[in-house]
Trainee: 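I have a structure I would like to understand better, so I am pasting it below and will then ask my questions one at a time.
Given the structure is predicted, the values throughout are model-derived calculations rather than measurements. Numbers for residues simply follow the sequence, beginning at 1.
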Amino acid sequence: MPMVKIFLGDKVFKENVDLDANLVVQAGTKKFPFPHLKYKCGMGSCGTCASKILSGGENLNKPTWKEIKILKDKLDLGYRLVCQFRIKKDLEIKQDY
């Protein structure tokens with residue numbers, strides 16, 4: 001089971017998640033990372049779940065066209081839309097608040 005760590009300020013929340021889990025779906029069903037994940041539509045159109053990938057990004061699928069449209073240059077800075085990928089291996093993320 002992959003380990004997901006979410007960095008919020010000086011706090012770190014971590015939990016194992018099922019292989020192929022989507023963090024927005026998990027949060028929506030009140031599983032980890034609820035309530036630590038900021039999200040809204042879950043469809044890749046609002047950008048609310050934009051997160052900086054700190055480690056593990058090499059194990060994610062390539063950015064979707066929705067991520068390219070919403071994130072633009074932030075993709076080059078390591079940001080992804082959490083609603084657009086599934087967890088395959090350990091992952092560390094940080095959301096801007």
Trainee: Got a second to check how far L81's CG is from T64's OG1, nearest 0.5 Å?
Mentor: 6.5 Å
Trainee: When you measure from the side chain of Q26 to the backbone N and O of F32, does any donor-acceptor pair fall under 3.5 Å?
Mentor: yes
Trainee: Applying a strict under-4.5 Å side-chain criterion to I, L, V, M, F, W and Y, I'd like to know whether V24 and F13 cluster together.
Mentor: yes
Trainee: Taking CE in M43 as the centre, count heavy atoms belonging to other residues, nucleotides or ligands within less than 6.0 Å. Is the count above 12?
Mentor: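 At most 12 heavy atoms, drawn from other residues, nucleotides or ligands, come within 6.0 Å of this atom.
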Trainee: Carefully, step by step, assess E92 and F7 under the rule side chain to side chain contact (heavy atoms under 4.5 Å, CB included).
Mentor: CA-CA 8 Å; E92 296 182 358; F7 293 82; 3.8 Å; yes
Trainee: Is it true that K88 and D20 make a salt bridge, defined as a side-chain N closer than 4.0 Å to a carboxylate O?
Mentor: yes
Trainee: With distance as the sole test, does N22 use its side chain to make a donor-acceptor pair with the main-chain N or O of R86 at under 3.5 Å?
Mentor: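 No; zero donor-acceptor contacts below 3.5 Å.
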Trainee: In the single-linkage hydrophobic clustering (I, L, V, M, F, W, Y; side-chain heavy atoms under 4.5 Å), do I53 and V82 co-cluster?
Mentor: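 Result: yes, single cluster for both.
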Trainee: Please give me the minimum heavy-atom distance between G44 and K66, naming the atom from each residue.
Mentor: O-CB, 3.5 Å
Trainee: So, for I93 and S51, which heavy atoms are closest and what is the spacing to 0.1 Å?
Mentor: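 I93 and S51 have their closest heavy atoms at CD1-OG, 4.0 Å.
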Trainee: For a side-chain contact (heavy atoms from CB on, under 4.5 Å) with Y79, tell me which candidate from K52, E67, Q95, K72 qualifies.
Mentor: K52
Trainee: Before you tell me yes or no, could you show the steps for M1 and D18 under side chain to side chain contact (heavy atoms under 4.5 Å, CB included), namely the whole-Å CA-CA distance, both residues' side-chain angles and the distance that decides it to 0.1 Å?
Mentor: CA-CA 6 Å; M1 294 178 77; D18 290 334; 3.4 Å; yes
Trainee: Supply the atom-to-atom distance D90 CG to M3 CE, rounded to the nearest 0.5 angstrom.
Mentor: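 If I round to the nearest 0.5 Å, the distance is 7.0 Å.
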Trainee: Search all heavy atoms of P33 against all heavy atoms of A27 and return the closest pair with its distance.
Mentor: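 That closest heavy-atom pairing would be CD-N, 4.1 Å.
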Trainee: Please answer whether the main-chain N or O of V25 pairs with a side-chain N or O of T29 as donor and acceptor at a distance below 3.5 Å.
Mentor: yes
Trainee: Can you tell me how far CD of Q84 sits from CD1 of I70, rounded to the nearest 0.5 angstrom?
Mentor: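 Spacing of CD1 (I70) from CD (Q84) equals 9.5 Å.
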Trainee: Quick one: closest heavy-atom pair of C49 and C83, and the distance?
Mentor: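 Looking at all heavy atoms of both residues, the shortest contact is SG-N, 3.4 Å.
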Trainee: Tell me whether D73 at atom CG has more than 12 heavy atoms from other residues, nucleotides or ligands lying less than 6.0 Å away.
Mentor: no
Trainee: State whether the side chain of K38 and the backbone N or O of D96 hold a donor-acceptor pair below 3.5 Å, judged by distance alone.
Mentor: yes
Trainee: Taking side chain as C-beta onward, heavy atoms only, is L8 less than 4.5 Å from H36?
Mentor: yes
Trainee: Looking at CG of L91 and CG of N59, how far apart are the two atoms once the value is rounded to the nearest 0.5 Å?
Mentor: 8.5 Å
Trainee: Is V17 reachable from Y39 through a run of I, L, V, M, F, W or Y residues, each pair having side-chain heavy atoms under 4.5 Å apart?
Mentor: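 Result: yes, single cluster for both.
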Trainee: Calculate, to the nearest 0.5 Å, the distance between atoms CD1 and CG belonging to I68 and L75 respectively.
Mentor: 6.5 Å
Trainee: Does the side chain of I87 reach to within under 4.5 Å of the side chain of V4, using non-hydrogen atoms?
Mentor: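 Yes, side chains in contact.
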Trainee: So do N61 and R80 actually touch side chain to side chain, heavy atoms under 4.5 Å?
Mentor: yes
Trainee: Atom CG of L60 and atom CD of E58: how far apart are they, to the nearest 0.5 Å?
Mentor: 8.0 Å
